[in-house]
Amino acid sequence: MKLPLILASSSPFRQSLLQKFNLPFDTFSPDVDESALECETPTDLVKRLSELKASAANKHFKKGLAIGSDQVAVFNNQILGKPHNKQNALKQLNLFSGNTVTFLTGLCVYDIVTGTKKTCVEPFNVTFKTLSDAQISAYCDAEQPYSCAGSFKSEGLGICLFEKLSGDDPNSLIGLPLIKLSQLLAEFGIDVLTAQSKF
């Protein structure tokens, strides 16, 4: 492998996903303002933030391929962020009950030395069951998904909230679209499969 991989995230979920590639990588917390700009679309927001996070690697590393990612939930053309507390999570999940929510995940791979970046946005649709207040409250108490966009953890108990999932890569729902990532890394000369023999 020509360049070290760097994950621009302190998220244990994204780190766990990247470990599936079985390649060594460094991590750092990009510490960027995730606020949307005025009139910014959800797609433009996650694209911009994933690029900002990846390029923040300049402050910490002299070379390598930095991977930045950002995700928002979109319902009725409105961006829904992280709930941060149970009250907000209850509101979000009540809103989602019986409806379909689109999750947009921005992904950027950035070459620190050359400044080259490749970016994409992956959509993923989640259709929720019709949920009772008791079910929603019990879920929030059990998993406390308050730092997760959409108020759930699909890799855990949150899977029981859903009726149907629809998208190209279920990993994107957790926060890192690995199918697209492997394609972008290949464009930088890193074949994830053949790179296995080099470590």
Side-chain angles (χ1 to χ4, degrees), residues 6-15 17-18 27-60 65-85 87-89 91-96 99-112 115-128 145-155 158 161-162 165-185 187:
I6 302 156
L7 181 62
S9 176
S10 56
S11 163
F13 307 113
R14 288 195 176 106
Q15 291 175 21
L17 285 173
L18 189 53
T27 64
F28 74 99
S29 180
D31 192 28
V32 302
D33 182 353
E34 297 187 1
S35 305
L37 302 177
E38 190 175 351
C39 299
E40 190 172 32
T41 67
T43 297
D44 288 342
L45 172 65
V46 294
K47 182 180 179 192
R48 178 177 62 84
L49 291 180
S50 63
E51 291 178 349
L52 267 179
K53 290 177 179 181
S55 60
N58 282 328
K59 301 173 188 173
H60 305 276
L65 290 179
I67 301 161
S69 186
D70 190 77
Q71 184 183 71
V72 294
V74 182
F75 183 67
N76 285 344
N77 294 318
Q78 290 198 328
I79 295 173
L80 300 167
K82 299 170 183 175
H84 300 297
N85 59 52
Q87 183 180 3
N88 290 336
K91 285 180 185 175
Q92 282 195 351
L93 291 173
N94 267 296
L95 194 63
F96 296 165
N99 291 302
T100 298
V101 180
T102 298
F103 286 80
L104 298 174
T105 305
L107 175 67
C108 176
V109 178
Y110 170 75
D111 187 327
I112 294 169
T116 304
K117 63 186 173 188
K118 298 183 184 293
T119 311
C120 66
V121 175
E122 277 284 286
F124 199 92
N125 294 318
V126 177
T127 301
F128 284 77
Y146 309 136
S147 63
C148 302
S151 303
F152 66 82
K153 298 177 183 177
S154 62
E155 68 279 10
L161 301 170
F162 309 148
L165 301 176
S166 176
D168 291 339
D169 186 350
N171 295 295
S172 64
L173 189 57
I174 305 171
L176 197 63
L178 295 182
I179 293 174
K180 280 289 185 187
L181 179 56
S182 68
Q183 293 168 357
L184 294 184
L185 289 176
E187 293 181 30

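Nothing here was measured: the structure is a model prediction, and the numbers come from that model.
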Least distance between heavy atoms, A36 atom then L45 atom: CA-CD1, 3.7 Å

Minimum heavy-atom distance between L176 and L181, given as atom pair plus value: CD2-CD2, 4.2 Å

Closest contact, heavy atoms only, C148 versus K153: SG-CG, 3.6 Å

All salt bridge (charged side-chain N to carboxylate O under 4.0 Å, His left out) counterparts of K117, not counting sequence neighbours: E51

Salt bridge (Lys or Arg N to Asp or Glu O under 4.0 Å) between K180 and D169, intermediate numbers included: CA-CA 8 Å; K180 280 289 185 187; D169 186 350; over 6 Å; no

Listed partners of T102 passing side chain to side chain donor-acceptor pair (under 3.5 Å), at least two apart: N125

Close side-chain approach of L173 to F152, heavy-atom, < 4.5 Å: yes

D33 side chain to S35 side chain, donor-acceptor N/O pair below 3.5 angstrom: yes

Closest non-hydrogen atom pair, S9 against T27: O-CB, 3.9 Å

Non-hydrogen atoms of I174 and S154 that approach each other most closely: CG1-OG, 3.6 Å

Side-chain donor/acceptor of N58 to backbone N/O of S55, under 3.5 Å: yes

For T105, all residues meeting side chain to side chain contact (heavy atoms under 4.5 Å, CB included), sequence neighbours excluded: S69, Q71, S172, P177

Heavy-atom pair with the smallest gap, counting every atom of G68 and A8: CA-CB, 4.3 Å

With sequence neighbours excluded, residues passing side chain to side chain donor-acceptor pair (under 3.5 Å) with E40: R48

Ring pair (Phe, Tyr, Trp, His ring centres under 6.0 Å) against F96, all qualifying residues, sequence neighbours excluded: F75, F128

Side chain to side chain donor-acceptor pair (under 3.5 Å) partners of S166, counting only residues at least two apart: none

